[in-house]
Amino acid sequence: MQIHWAVRNVLNPTLKTTIRIGAGVDNGGTLITKVGKGRNTENQDLVWIGKASNYASHLSNEADNTTIISVDTYKNIDKENKILSSSNTIEIWTQKILTLKNDKKVTCYESSTPCEIL
């Protein structure tokens with residue numbers, strides 16, 4: 001959400017354009033490893049392997065200037081971080097059903113709330 005804020009309030013006005021970004025978030029175990037030729041560290045890339053990184057990637061593909069989080073991630077967010085701080089009642093996350101590339105339907109939560117009002 002802070003990245004979204006920076007794009008909306010810093011990059012877009014500076015560049016005089018509209019950059020749209022999406023973010024997907026899941027939690028769980030992930031292996032991060034270097035791949036590529038070992039003799040030259042500039043030819044090595046980091047690769048994230050695991051359900052969480054794969055699922056977050058699928059969610060980010062569906063996010064259009066929003067943040068989409070998995071049900072597991074939503075369950076791990078404290079109540080005060082699920083509502084607008086100015087209202088104490090308005091939920092910032094909307095439950096939705098996505099159909100991923102493999103036609104699998106998944107439940108997730110989406111928010112376009114900018115972080116400056118949280």
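Along the sequence shown, residues are numbered consecutively beginning with 1.
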Exercise: identify the closest heavy-atom pair between Asp26 and Ala52: OD2-CA, 3.5 Å

Testing the basics here: between Thr67 and Trp93, what is the closest heavy-atom pair and its distance to 0.1 Å? O-CZ3, 3.6 Å

Between the CG atom in Leu11 and the CD1 atom in Ile21, the distance rounded to the nearest 0.5 Å is 8.5 Å

Ile69, Ile90: one ILVMFWY side-chain cluster at the under-4.5 Å cut-off? yes

Between Thr99 and Glu62, the two heavy atoms sitting closest are O-OE2, 4.2 Å

Between Asp78 and Glu80 (side chain of the first, backbone of the second, donor and acceptor by atom type, cut-off under 3.5 Å), is there such a pair? no

Would you call Lys96 and Glu110 a salt bridge, using N to O less than 4.0 angstrom? yes

OH of Tyr74 to NZ of Lys82: how many Å apart, nearest 0.5 Å? 4.0 Å

Does one hydrophobic cluster hold both Ile77 and Leu84, with members joined at side-chain heavy-atom distances below 4.5 Å? yes

Measuring from atom CG of Asn102 to atom NZ of Lys105, what distance do you get when rounded to the nearest 0.5 angstrom? 11.0 Å

CD1 of Ile32 to CH2 of Trp48, rounded to nearest 0.5 Å, is 5.5 Å

For Gly50 and Ser53, which heavy atoms make the closest approach, and how far apart are they? O-OG, 3.1 Å

Using a 3.5 Å distance criterion without hydrogens, assess whether the side chain of Thr66 forms a donor-acceptor pair with backbone atoms of Ala63. no

Heavy-atom side-chain proximity of Asn12 to Val7 below 4.5 angstrom: yes

Heavy-atom closest pair, residues Gly22 and Ser60: O-CB, 4.2 Å

Steps toward side-chain hydrogen bond (donor to acceptor under 3.5 Å, both in side chains) verdict (Thr73, Asn27): CA-CA 6 Å; Thr73 302; Asn27 61 309; 3.1 Å; yes

Establish whether Ile19 and Ile3 are linked, either directly or via other cluster members, by ILVMFWY side-chain heavy-atom contacts under 4.5 Å. yes

Within the side chain of Ser111, is there an N or O that forms a donor-acceptor pair under 3.5 Å with the backbone of Ile92? yes

Spacing of Leu98 atom CG and Ser70 atom OG [to the nearest 0.5 Å]: 11.5 Å

For the pair Val71 and Tyr109, evaluate side chain to side chain contact (heavy atoms under 4.5 Å, CB included) and give the outcome as yes or no after the intermediate values. CA-CA 7 Å; Val71 171; Tyr109 291 84; 4.1 Å; yes

Residue pair Tyr55 / Thr107: nearest heavy atoms and the distance that separates them: OH-O, 3.8 Å

